[in-house]
Undergrad: 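Supplied in structure tokens, the structure appears directly below.
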Amino acid sequence: MLEFTLLKKSGGDDALNGRARRGRIKTRHGVIETPAFMPVGTLGSVKAVSKEDLFHCGAQIILGNTYHLYLRPGCDVIRHMGGLHEFSKWSFPLLTDSGGFQFFSLAKLAKFTDEGVSFQSHIDGSRHFFSPEKAVEIQMILGSDIMMSLDWCMGYPATEKQATEALEKTVAWAKRGFDFWQEKGRPNNLFGIVQGGMFKDLRSRCAHELAGMDFPGFAIGGLSVGEPTQVMYEMADHTLPLLPENKPRYIMGVGTPENLVELAGMGCDMFDCVMPSRNARNGQLFTSFGTINIPNAKYRLDSSPIDTTCGCYTCQNYSRAYLRHLYKSRELLAYRLNTIHNLYYYLDLMAKIRHAIEQDRFLEFKKEFYEKRCID
RNA sequence: GGUGGGGUUCCCGAGUGGUCAAAGGGAUCAGACUGUAAAUCUGACGGCUCAGCCUUCGGAGGUUCAAAUCCUCCCCCCACCA
């Protein structure tokens with residue numbers, strides 16, 4: 001059901017720069033060229049854009065969220081409608097997060113036990129319970145191509161004791177989710193998630209234990225939760241090589257364009273982040289020379305596109321002055337045009353990274369990437 | 001012409017003797033956002049040689065230790081009645 005082909009590895013011994021990999025993931029709903037960025041569509045929709053917009057931006061796979069879709073519209077609706085693909089009409093690959101992150105970001109509504117997580121809905125306060133098995137079961141109903149096992153995401157800073165507890169629970173739940181998935185005949189695909197806080201030995205331990213289970217892919221979770229960027233890089237650099245080389249490696253919830261370049265260089269194959277879509281709705285646009293805040297007064301009379309080197313629909317058609325006007329007027333079109341641009345930027349960046357790896361010039365690409373961004 | 005109401009910092013709008021450079025909105029300006037409780041949130045928003053000082057509440061006078069707030073006159077708006 002999932003086939004990962006490692007097409008090329010950057011040569012060299014430089015740990016930070018020489019481990020980029022170019023790969024291909026085949027799923028029932030299509031192929032994902034890696035390294036890949038996956039736009040986040042929590043509620044079965046990448047906010048503000050249509051599936052056609054996503055396609056034209058170059059999206060190969062998008063995310064959905066188990067917690068959110070379970071609460072609304074509910075599994076009965078999605079089952080009745082034939083699964084999330086059929087419901088949303090997104091016919092390409094889908095990855096669903098397990099809800100583990102929500103029990104971290106909505107922590108005051110969640111209570112962790114050995115059995116699972118009992119929580120209150122952020123929508124109406126109703127009480128619910130997720131076990132690792134149930135998290136997989138719901139994702140099977142959603143019909144995602146890649147399901148994530150239920151994990152315990154730890155914030156920063158966290159003590160070693162807290163991180164250990166979260167790790168142990170994450171591993172135990174991964175095992176239960178994995179067994180449940182095996183019993184069901186390994187439908188779709190299930191990825192395990194490495195936790196361990198900002199402790200290398202804990203990350204090692206977690207990666208080692210998960211690698212002992214035959215997951216089709218592995219993720220690193222619990223990064224970019226408030227730690228300094230350098231710490232995140234150290235954790236990723238430490239953990240990525242511990243995961244099976246012949247399986248996709250996914251860093252969850254990351255990150256900035258710089259983060260993607262750095263982490264792809266360390267051998268990460270998949271990323272997801274709300275940053276391009278959310279920041280677009282908040283007026284921040286990504287460009288090859290850095291980010292710009294479109295409401296800024298300096299763009300009032302600016303007839304140039306967001307980024308003259310960008311090939312997106314927005315940049316092909318509209319000026320900064322118009323986009324600034326739309327944004328400041330809260331016109332709905334602003335959200336769509338901004339989101340199209342940011343997603344295109346991210347997805348195009350990944351395409352460039354893939355191309356550079358293929359051409360054996362990832363390091364040069366990285367150098368140019370940093371040289372371009374200085375002004376705005 | 002008569003009666004009543006009102007003129008507050010860019011706009012709307014609180015404030016009716018000191019705790020007022022003046023609530024609250026809006027506009028404006030800037031920033032943040034990393035597995036989406038986010039079309040959200042934060043900060044600035046009279047001036048300056050900035051822990052203090054100066055100018056400001058339609059205008060001009062006055063009362064008072066002290067006035068956006070009280071008194072007098074004037075100017076201008078709004079409502080209703082002629």
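A quick note: this is a predicted structure, and the numbers were derived from the prediction, not measured.
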Undergrad: Just compare B:U36, B:A32, B:G35 and give me whichever is closest to any side-chain atom of A:Ser277.
TA: B:U36
Undergrad: May I have the step-by-step check of side-chain contact (heavy atoms from CB on, under 4.5 Å) for A:Met198 and A:Leu223, ending in yes or no?
TA: CA-CA 8 Å; A:Met198 303 303 156; A:Leu223 292 185; 4.2 Å; yes
Undergrad: So which nucleotide from B:G35, B:U36, B:C29 ends up closest to the side chain of A:Asp272?
TA: B:G35
Undergrad: Is it the case that the side chains of A:Thr339 and A:Asn342 hold a donor-acceptor pair, with the cut-off being a distance below 3.5 Å and no angle test?
TA: no
Undergrad: Applying the Watson-Crick and G-U wobble criteria at under 3.5 Å, what pairs with B:C45? Answer none if nothing qualifies.
TA: none
Undergrad: Of the options A:Phe119, A:Phe129, A:Trp152, which is the one that meets A:Phe112 in a ring-ring contact (aromatic ring centres under 6.0 Å, His included)?
TA: A:Trp152
Undergrad: Can A:Phe180 and A:Leu190 be said to form a side-chain contact (heavy atoms from CB on, under 4.5 Å), step by step?
TA: CA-CA 11 Å; A:Phe180 179 80; A:Leu190 181 66; over 6 Å; no
Undergrad: Return the nucleotide paired to B:A21: Watson-Crick means purine N1 to pyrimidine N3 with N6-O4 or O6-N4, wobble means G-U with N1-O2 and O6-N3, both under 3.5 Å.
TA: none
Undergrad: Determine which nucleotide pairs with B:A68, using a 3.5 Å limit on both distances of a Watson-Crick or G-U wobble pair.
TA: none
Undergrad: Please determine if A:Glu368 and A:Lys372 form a salt bridge, counting it only when a charged side-chain N lies under 4.0 Å from a carboxylate O.
TA: no
Undergrad: Sticking with atom P, work out how far B:C76 lies from B:U56, rounded to a whole angstrom.
TA: 24 Å
Undergrad: Quick one: the side chain of A:Arg278 and the base of B:A38, do they pair up donor-acceptor inside 3.5 Å?
TA: yes
Undergrad: Considering only the C1' atoms, how many Å lie between B:A68 and B:G6, rounded to the nearest integer?
TA: 15 Å
Undergrad: Polar atoms only, N or O, under 3.5 Å: list the protein pairs with nucleotides 24-27 of chain B and their distances.
TA:
none

Undergrad: To the closest 0.5 Å, what do you measure between CZ (A:Phe362) and CD1 (A:Ile357)?
TA: 6.0 Å
Undergrad: Name the nucleic acid region contacted by A:Leu332, choosing base, sugar-phosphate or nothing; use a 4.0 angstrom heavy-atom cut-off, strictly under.
TA: base
Undergrad: Can you figure out which of B:G35, B:A39, B:U34 approaches the side chain of A:Val274 most closely?
TA: B:G35
Undergrad: Can you confirm whether more than 12 heavy atoms, excluding those of A:Arg361, are under 6.0 Å from its CZ atom?
TA: yes
Undergrad: Does A:Phe55, at its CZ atom, have more than 12 non-hydrogen atoms belonging to other residues, nucleotides or ligands within less than 6.0 Å?
TA: no
Undergrad: Applying the Watson-Crick and G-U wobble criteria at under 3.5 Å, what pairs with B:G1? Answer none if nothing qualifies.
TA: B:C81
Undergrad: If I pick the P atom on B:C65 and the same atom on B:C77, what distance separates them, to the nearest angstrom?
TA: 38 Å
Undergrad: Under the rule for side-chain contact (heavy atoms from CB on, under 4.5 Å), what residues qualify as partners of A:Lys111, not counting sequence neighbours?
TA: A:Ser118
Undergrad: With a 4.0 Å cut-off on heavy atoms, is A:Asn65 in touch with a base, just the backbone sugar-phosphate, or nothing at all?
TA: sugar-phosphate
Undergrad: With respect to A:Leu95, which candidate in A:Met147, A:Met270, A:Gln139 satisfies the side-chain contact (heavy atoms from CB on, under 4.5 Å) definition?
TA: A:Met270
Undergrad: Using heavy atoms and a sub-4.0 Å distance, could you list which residues of residues 349-357 of chain A are near RNA chain B? By number, please.
TA: none
Undergrad: Tell me which nucleotide, if any, is Watson-Crick or G-U wobble paired with B:A38 when both distances must be under 3.5 Å.
TA: none
Undergrad: Kindly state which residues belonging to residues 29-41 of chain A come within less than 4.0 angstrom of RNA chain B, counting heavy atoms of the residue only, listed by number.
TA: A:Val40
Undergrad: Closer than 3.5 angstrom, by distance alone: can the side chain of A:Asp307 be matched with the main-chain N or O of A:Cys315 as a donor-acceptor pair?
TA: no
Undergrad: Please list, by residue number, the residues of residues 94-122 of chain A whose heavy atoms come closer than 4.0 Å to an atom of RNA chain B; answer none if no residue qualifies.
TA: A:Asp97, A:Phe101, A:Gln102, A:Ser105, A:Leu106, A:Lys108, A:His122
Undergrad: Does one hydrophobic cluster hold both A:Tyr335 and A:Tyr344, with members joined at side-chain heavy-atom distances below 4.5 Å?
TA: no
Undergrad: Would you please name every residue forming a side-chain contact (heavy atoms from CB on, under 4.5 Å) with A:Ser126, sequence neighbours left out?
TA: A:Ser121, A:Asp124, A:His128
Undergrad: Using a heavy-atom distance cut-off of less than 4.0 Å, which residues of residues 215-224 of chain A contact RNA chain B?
TA: A:Gly222, A:Ser224
Undergrad: Name the orientation class of the two ring planes belonging to A:Tyr322 and A:Tyr318 (parallel below 30°, tilted from 30 to 60°, perpendicular beyond 60°).
TA: parallel
Undergrad: Identify, with sequence neighbours excluded, every residue that meets side-chain contact (heavy atoms from CB on, under 4.5 Å) alongside A:Pro157.
TA: none
Undergrad: Looking only at side-chain N and O atoms, does A:Asp145 offer a donor or acceptor that is under 3.5 Å from a partner on A:His85?
TA: yes
Undergrad: Choosing from B:U34, B:U36, B:C29, which nucleotide comes nearest the side chain of A:Met275?
TA: B:U34
Undergrad: What's touching nucleotides 42-47 of chain B from the protein side, N or O pairs under 3.5 Å?
TA:
none

Undergrad: Of the listed nucleotides (B:A32, B:U34, B:A30), which one gets closest to any side-chain atom of A:Thr229?
TA: B:U34
Undergrad: Does the pair A:Glu168/A:Arg205 count as a salt bridge with the N-to-O cut at 4.0 Å?
TA: yes
Undergrad: Taking RNA chain B as the partner, which of residues 151-168 of chain A come within under 4.0 angstrom of it by heavy atom?
TA: A:Asp151, A:Cys153
Undergrad: Expressed as a whole number of angstroms, how long is the span from A:Lys298:NZ to B:U28:C1'?
TA: 17 Å
Undergrad: With rounding to the closest Å, how many angstrom separate the C1' atoms on B:U69 and B:C80?
TA: 28 Å
Undergrad: Is the shortest distance from a Lys or Arg side-chain nitrogen in A:Asp360 or A:Arg22 to a carboxylate oxygen in the other one below 4.0 Å?
TA: no
Undergrad: For B:U16 versus B:C71, give the span between their C1' atoms, rounded off to a whole number of Å.
TA: 14 Å
Undergrad: What's the closest nucleotide to the side chain of A:Asn282 if the choices are B:A39, B:G35, B:U34?
TA: B:A39
Undergrad: Is a salt bridge present between A:Lys175 and A:Asp179, judged by a nitrogen-to-oxygen distance below 4.0 Å?
TA: yes
Undergrad: How close or far is atom P of B:U28 from atom CZ of A:Arg324, stated in whole angstroms?
TA: 8 Å
Undergrad: I'd like the P distance from B:G24 over to B:A14, given in whole Å.
TA: 15 Å
Undergrad: Output yes when A:Asp302 and A:Arg324 qualify as a salt bridge under the 4.0 Å nitrogen-oxygen rule, no when they do not.
TA: no
Undergrad: Taking only the P atom of each, what is the distance from B:C54 to B:A22 in whole angstrom?
TA: 15 Å
Undergrad: Mind checking the C1' distance from B:C12 to B:G1? Whole angstroms is fine.
TA: 33 Å
Undergrad: What nucleic acid atoms does A:Glu227 come within less than 4.0 Å of, heavy atoms only: base, sugar-phosphate, or nothing?
TA: nothing
Undergrad: With sequence neighbours left out, which residue pairs that include part of residues 69-91 of chain A fulfil the salt bridge (charged side-chain N to carboxylate O under 4.0 Å, His left out) condition?
TA: A:Glu86-A:Lys89
Undergrad: Applying side-chain contact (heavy atoms from CB on, under 4.5 Å), can you list everything that pairs with A:Asp272, at least two apart in sequence or on another chain?
TA: A:Met38, A:Val40, A:Leu63, A:Tyr250, A:Met252
Undergrad: Go through the steps to decide whether A:Tyr70 and A:Phe130 satisfy the test side-chain contact (heavy atoms from CB on, under 4.5 Å), and finish with yes or no.
TA: CA-CA 10 Å; A:Tyr70 159 84; A:Phe130 270 20; 3.7 Å; yes
